Student: 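Once you've had a glance at the structure underneath, I'll fire off some questions.
As the structure is a prediction and not an experimental result, all values here were calculated from the model. We count ligands from 1, going down the list as the structure has it; atoms in each ligand are counted the same way.
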Amino acid sequence: MEIKVKILRFNPETDKRPHYQTFRVEAEPTDRVLDLLEKIKGYQDGSLAFRRSCAHGICGSDAMRINGMNRLACKTLVKDLSKGTITVEPLLGLSLIKDLIVDMDPFFEHYESVMPYLVNDEPPPLKERLQSPEERERFDDTTKCILCAACTTSCPSFWSNGRYVGPAAIVNAHRFIFDSRDRAGAERLRILSDQFGVYRCHTIFNCTLACPREIQITKAIGEIKRAIATGSLD
Ligand code: SF4
Ligand code: F3S
Ligand code: FES
């Protein structure tokens, strides 16, 4: 079947502002939106710019707005979208570089700000630092993040103020705050309790709906708010 794909285009060298361009593509219902973009780039317009790497929902590089919702192009099948033209646009809230490519630097700066790594200066045991299955379960959900930015760039609080650390950074802080082997939880809670931390979240839930890994993001943010309020991780 033939499908119309309407893409927001922007070339900083020639365009004053972004504009839409519509392509007609032969597609199967089981094609992914990434397949359509590859066909357009390969056979119709080699200048089309978008990020992708793994094509299997692992690397997180091809998050974009597809029919108005943040999704991974490599995980979105044509047959799962409403019939008619498929509209593809770059993520909101980050500066546009070219076509579907946005500047991810502010996103990763927020990520780095929450210390997304294990901190433990105690002498290591002879073997590994042990952890029970129950302790591991406490942060299992937030280990699944692939840093695609679909959550942060769907959050109205982030759109209104890009200094908000955003749900992706909070998810990755949660992953370590609730890890029984880590010793920097209090420091991360202090970072997240400042004016651009968790209290910028107004429980809008867009982040949870957008996450391709189905992480319960709003729940994780709530757990961090509770930990800050009570001073306890229980
Ligand atoms: Fe992407 Fe989900 Fe991680 Fe947000 S929490 S960056 S939506 S994988
Ligand atoms: Fe934004 Fe998600 Fe909170 S959309 S306001 S971070 S629940
Ligand atoms: Fe890697 Fe889609 S290309 S997640």
Student: Short list, please: which atoms of ligand 1 are under 4.0 Å from a heavy atom of R213?
Tutor: 8 (S)
Student: Report, as yes or no, whether the 6.0 Å neighbourhood of atom CG on D103 holds more than 12 heavy atoms from other residues, nucleotides or ligands.
Tutor: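 Counting other residues, nucleotides and ligands, CG of D103 exceeds 12 neighbours.
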Student: Tell me which protein heavy atom sits closest to atom 8 (S) of ligand 1, plus the residue, atom name and distance to 0.1 Å.
Tutor: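 Here the closest protein heavy atom is I146 N, 3.4 Å.
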Student: Between F205 and ligand 2, which part of the residue brings a heavy atom under 4.0 Å of the ligand: side chain, backbone, both or neither?
Tutor: backbone
Student: Identify which of G166, A210, C207 has a heavy atom lying nearest to atom 2 (Fe) of ligand 2.
Tutor: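 That would be C207.
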Student: Of L34, V33, D62, which has the heavy atom at the shortest distance from atom 2 (Fe) of ligand 3?
Tutor: D62
Student: Taking the side chain from R200 and the backbone from Q195, do they hold a donor-acceptor pair closer than 3.5 Å?
Tutor: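 Yes, because the side chain of R200 sits within donor-acceptor range (under 3.5 Å) of the backbone of Q195.
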Student: Identify, by atom number and element, the atoms of ligand 1 in contact range of L147, meaning under 4.0 Å from any of its heavy atoms.
Tutor: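 Listed by number with element, the hits are 3 (Fe), 6 (S).
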Student: Where does A55 meet ligand 3, judged by heavy-atom distances below 4.0 Å: at the side chain, the backbone, both, or neither?
Tutor: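 The answer is the backbone of A55.
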Student: At a non-hydrogen distance cut-off of under 4.0 Å, which region of S53 contacts ligand 3 (side chain, backbone, both, or neither)?
Tutor: backbone
Student: Which of the numbered atoms in ligand 1 are under 4.0 angstrom from any heavy atom belonging to A149?
Tutor: 1 (Fe), 6 (S)
Student: Which ligand 2 atoms are under 4.0 Å away from a heavy-atom of I221?
Tutor: 6 (S)
Student: If the cut-off is 4.0 Å to any non-hydrogen atom of P212, which atoms of ligand 1 fall inside it?
Tutor: 7 (S)
Student: How about C54: does one of its N, O or S atoms come closer than 2.8 Å to atom 1 (Fe) of ligand 3?
Tutor: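 Yes, C54 qualifies, because one of its backbone or side-chain N, O or S atoms lies under 2.8 Å.
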Student: Considering only heavy atoms of C145, which atoms of ligand 1 have at least one such atom less than 4.0 Å away?
Tutor: 3 (Fe), 5 (S), 6 (S), 8 (S)
Student: What residue and atom, counting heavy atoms only, is the protein's closest point to atom 2 (Fe) of ligand 1, and at what distance?
Tutor: C211 SG, 2.3 Å
Student: Under a 4.0 angstrom heavy-atom cut-off, which atoms of ligand 2 come close to C201?
Tutor: 3 (Fe), 5 (S), 6 (S), 7 (S)
Student: Considering non-hydrogen atoms of the protein only, which is the closest contact for atom 4 (Fe) of ligand 1, and what is the distance?
Tutor: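 It is C151 SG, 2.3 Å.
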Student: Given the rule in the side chain to side chain donor-acceptor pair (under 3.5 Å) test, do T153 and N70 qualify, once you have shown the distances and angles that lead to the verdict?
Tutor: CA-CA 8 Å; T153 58; N70 282 2; 3.0 Å; yes
Student: With heavy atoms only and a cut-off of under 4.0 Å, state how I146 meets ligand 3: side chain, backbone, both or neither.
Tutor: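 None of I146 does.
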Student: Looking only at protein heavy atoms, which one is nearest to atom 6 (S) of ligand 2, and how far off is it?
Tutor: Y164 OH, 3.4 Å
